[in-house]
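Some notes on the structure that comes next.
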Amino acid sequence: MVDDVNPSSVDPEANAADSAGVVTERSAFQRVLTVTVGPIVAAFLLSAIILMLVGVNPLTYYGYILERSLFSGLGLEQTATRMAPLLFLVASLIIAFRAGIWNLGTDGQFLLGAVISAATAPLLVGVLPGWAVLVVGFALAALVGAVWSIIPALLKAYQGVNEIITTLMMSFLGVLLASTLVKLVFRDPTTTVPQTRTLPVADRLPRLFETSISSGLIWGLIAVVLVHLMMTRTSFGLRLRMVGANPAAATHAGLSVPLLTLATFGLSAGFAGLAGASEILGVAGNVRANWNPAYGLMVIPLVFLARFHGIGAIVLVFFYSALMIGSESAARRLGVPQDFTLVLVASLLICLGLGEYIDQHKRKKER
Amino acid sequence: MGGLLTEAFLSSLFTGAIVAAVPMLLAGLGEQMSEKAGVLNIGIEGMMLMGAYMGFLVAFKTDSLWLGFLGGILGGVLVAIVMAVLCVRLGLNQIVIGIGLTLGVEGLTALLHHFQFSRTYPRLPAPERLNIPGLTDLPVVGPSLFGRHPIVYLALMAVVVLALLYRRTNLGMTLRAAGERPAALDVAGGNVLGVRIFAVLFTGAMAGLGGAYLANIGAGLFIPFMTGGAGFIGIVLAMLARGRPLWVLIGSLIFGAALSMTTALQVAGSNIPTDVIQMLPFAAVMLVLVLFGRRAKLPSALGASYERGAR
Amino acid sequence: MALATENPTNLSPETGTGVIGVHGVTKRFPGVIAVNNVSLAFHPGEVHVLLGENGAGKSTLVGILSGLQEPDEGYLTLNGEKTRLASPSASLDAGISTVFQHSMLVPTLTVLENLTLGAPWYERPPRARIAARMEELKREFALSLPLDAITGELSLGQQQQIEIARALLRDSKVLILDEATSMLTPQGAQELGQRMQQLVKSGLAVIFITHKLAEAYRYGNRISVLKQGALAGELGPEELKSMNEEQAVEEIVRLMFGREAGATSTEHRASSAREETVLKVENLSTQGDADVIGLQDISLSLRAGEILGVAGIDGNGQKQLAEALAGQRPLASGRVELDAEDITRASVAQRRLKGLRYLTDDRLEEGSVAAFPISENTVLKDIGQPPFWINGIERPSLIARHARDLITKFSVRTPGETTPIGRLSGGNIQKVLLGRELSGEARVVVFNKPTYGLDLQNIDTSRQRIADIAGRGMGVVLISTDLDELMALSDRIAVMEGGRIRGVVENDGTGEALRLRIGRMMAGEEENRQATE
């Protein structure tokens, strides 16, 4: 099948530079700067042109977003809170992409994780101690997310069926199933709008210090850092990376490619489930029918822009959250739909791809 | 459930099946050509959406559905050009760029639509129909089979034309060579990048037309994000059809039927949530993949960019 | 043989340009000069042999002539006129057809489709015309092909015939054959030699690329020797005619290696075999499918210190045998014993721990992970094992030290252990992999084409290492398509064909006679039938 297109083969040079260690780190860092900063500037310019075309002053717009999301206390807190689910998704995708698996189904895994935690946590309040309610909610979400990836995982591991298609299909299914569950099974009988029971604010993830920032942020950061260390510093991570980089070599070295593939799916989808739980148990408290923030597909470009590097992805998630918070506010105040962020991310992705292409050509000439 | 099998129910089911099948058919036929040539065109969803937007816009401004369809084709091709340049010419990753283009078009069309129409969603007048006296009046199947806009018949003809082209000319083998072993086509004097670019642009045109159909015939209006995965289903259809246009048609009709169950059941007054019925086509795909996934053989160079003399 | 003089109508060789001329061509790749200021002229009516070791620049020259690469310096001429071959189609238009070392056919297309590949898309395949032309070719050159067969289902020999037929259908003036005999039996190679002579008689220029000395003399009218990218010398038709094979080979060896004949390590190694059996294989079979040949009823035994050669044309089950031994390929039936212990059900990792090592022929796609640094590649088969991992946590400094030791011990040429292994040359990757397989307690080492694609110096050291390994008492299974290598190193030679072992011969050093016997078995004749004759 499409073994040629596996995410970890996208940029072997970047991977290599990443694992090559100290000697090349400096030059790699400079390179990343030149292939990152330029494209980012270009992407913002391109998006600015589009804004001008629809009659919005890009300076006003960008300025408003900055001011709203980063230079106001409340905005910054909202930005930090928004990061939590995105960080769990980053962890999910770093595992998958480094292991050569295109998990494009995180949206379904996310929503089902969210629904199960919203369905169970409010019922457990009072039955279990507060921390246990949260632990159970997170654990169930991870489990449900992982279960939702079983069919693509088995098909990929034992039949070689392209996971791009299967995870996408399961994602569509998962989104609809989540909505159905909210309407038919987990519906809160006391409300007229179909939604799950609500977890009282007091029982949600504690807030950080005196702010409104959810502590999901901390857990998300821990998840990304742990996943990054697991993938780069442990034998398990190396096994996964080897399967991703060269399955034939992995078989040759005695690794069980199917089992490691299953593990990748399970872990990746599990983290996607955690992302859903972090949004519910930390911020929203319940799931409304047809709610689908579609964070999953959005995070994919970020993980690519960070070249599967955990720390880089955290930085990008921060800026992206700021962009989201800012543009949501701008939608109300300046009348620019927040879908504009999609345009910005797409131009980033394209400009970055171009930057990489130019960089590769330059280096080819140098040699 | 016995009351379901009324004429109204069946009629709306048939009608809906075809209305719903055509965009997926067009997208599937387009994607099929890209996949044959070795390009996994994930951007097809974006091409379709751009086709829907431009198709609607042109039809709305000119009051001509036909010009609208042309606009849709143009919209799809515009996105396809970006894809062709980045992925075929420059060899960037097809999946990343595909996702990027889809997201970008989603944002762009929503943005443009917002600034043109604000929150209003103007409708197009009901499309003209090709009425064939006698046939169109047949009960149940009559209106669905014979009372459709001519574009439906063009889509069906495309199946036959493509099947003939693939079988009777060098087109099929040239595409397959570009997808299976591009180097072999290159040294035989073929133009690998040319073939692939052509295939991607064709996909864009077909997807754009499908999108325009979705907006102008299917809905009669444009709504942001309205394609809702139809392009992705096109990818699945192309994968499962193993290179044969006829199988794309069969697949799209099955999907169309599943989708139209939603409206048909609503007509029949059923209280099953639409979500459940909307799951049917995706569940059907998964079932097919579980049963036949192994047989969905894809070209060996699918997704890999080609660079001459790369060592 | 002197065909040039039999074709007086051709451009005279003395004009110095021929049908194609190569003038001072230089081509550089990162870190190497692949072709260095080479000038050549190819004449109609001649089989012009380009001879050289791997890495001598032959393939790059082929690439330049076939339009895949353009020279950095120098130029080409076509019938004396300066020309530029910027693409494969430009080369084809110039009348140059190439049969590449690796098949350039689309396996899923039919023979007819492969023959017409490259034609405009809107045309219909001219089936009748091609069928008629194929009839002519059948009469003239004994090329016979089933037009509607799926190409991938044909033998490699037949596939090569498709490519030759394609060249003839295009009315080419020049036919390039790149290492065309590597996939053929000795008998098949001889047929190709005869066919080349028929082709040049019809007025073609044939460029025949090989690294085998004997072939060069037998099939060539003119021999140009390439060495490290440069032209080391040329033997013209007159010169060649005046020599016998021995003299010619001696002269070529002098040109190629700059030393006297006989110095190529073809002398037979003294056996170091001991009594005890280390590896025993009984009635081993594996499942085959459309792409992969199945093994049938393989039985072998290997003593300590013994080298068991496995001969055969590429793709007759040698790789599957190696994989089955290493535990990578599931068995349908049979039994494998290592040191009298049943390891039939042991996994790859267990077999490795017990001392069974496998050095794959596919260094880049299977043996190593190109993007990973050398250091990680040296421990890829020990992931999670102490001392490099403690409780699953990697110890990078230990791995780095281990890699540096290996680099020194096996004299790997690299900037450092952090360099991605994919950036090394084939020979250096081979050294890393060899070092990886020999670390720890090895009992049996399976080598699959260990010297393929290496330069002469590395071939020599690799062979020496293999002999040393056997000398230290390990059992060696040496799979190779190079008969000279097998005859130089092996105690016994098993010959594989069609997934079976056709016979096992003692390597008694009987030279030509043994070579012929092996050749017959490679073509599928059973050894016992041979014996009854």
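Just so we're on the same page: letters track the sequence lines, and every chain starts at 1. These values consider heavy atoms only, across backbone and side chains, with no hydrogens, waters or symmetry-generated copies.
Looking at C/Tyr358, both its backbone and its side chain come within 4.5 Å of chain A, counting heavy atoms on both sides. If you measure heavy-atom distances from C/Leu364 to chain A, the contacts under 4.5 Å come from the backbone alone. Looking at C/Thr360, both its backbone and its side chain come within 4.5 Å of chain A, counting heavy atoms on both sides. Residue C/Arg351: no heavy atom, backbone or side chain, is found under 4.5 Å from chain A.
Summarising the geometry, atom NZ belonging to C/Lys381 is positioned 3.0 Å from atom NE2 belonging to A/His252; distances are rounded to the nearest 0.5 Å. With rounding to the nearest 0.5 angstrom, the OG atom of A/Ser235 is 12.0 Å from the CG atom of C/Asp382. Taking CG from A/Leu238 and CD from C/Glu394, the interatomic distance works out to 6.0 Å, rounded to the nearest 0.5 Å. With rounding to the nearest 0.5 angstrom, the CG atom of A/Asn246 is 8.5 Å from the CD atom of C/Glu366.
Counting heavy-atom pairs closer than 4.5 Å to chain A, the top residue among C/Gln328, C/Glu323, C/Arg352 is C/Gln328. The residue among A/Gly237, A/Ala250, A/Gly254, A/Ala248 with the most heavy atom pairs within less than 4.5 Å of chain C is A/Ala248.
Within 6.0 Å of the CD atom in C/Gln287, the count of heavy atoms belonging to other residues, nucleotides or ligands does not exceed 12. With a 6.0 Å radius and a threshold of 12 heavy atoms from other residues, nucleotides or ligands, C/Trp389 has its CH2 atom above the threshold.
With A/Arg239 contributing its side chain and C/Ile383 its backbone, the two residues share a donor-acceptor pair below 3.5 Å.
A/Ala249 and C/Ser368 get closest at one heavy-atom pair: CB-O, 3.9 Å. When all heavy atoms of C/Val348 and A/Ala253 are compared, the pair lying nearest together is CG1-C, 4.1 Å.
Looking only at side-chain heavy atoms (C-beta outward), A/Arg233 and C/Arg395 stay at 4.5 Å or farther from each other.
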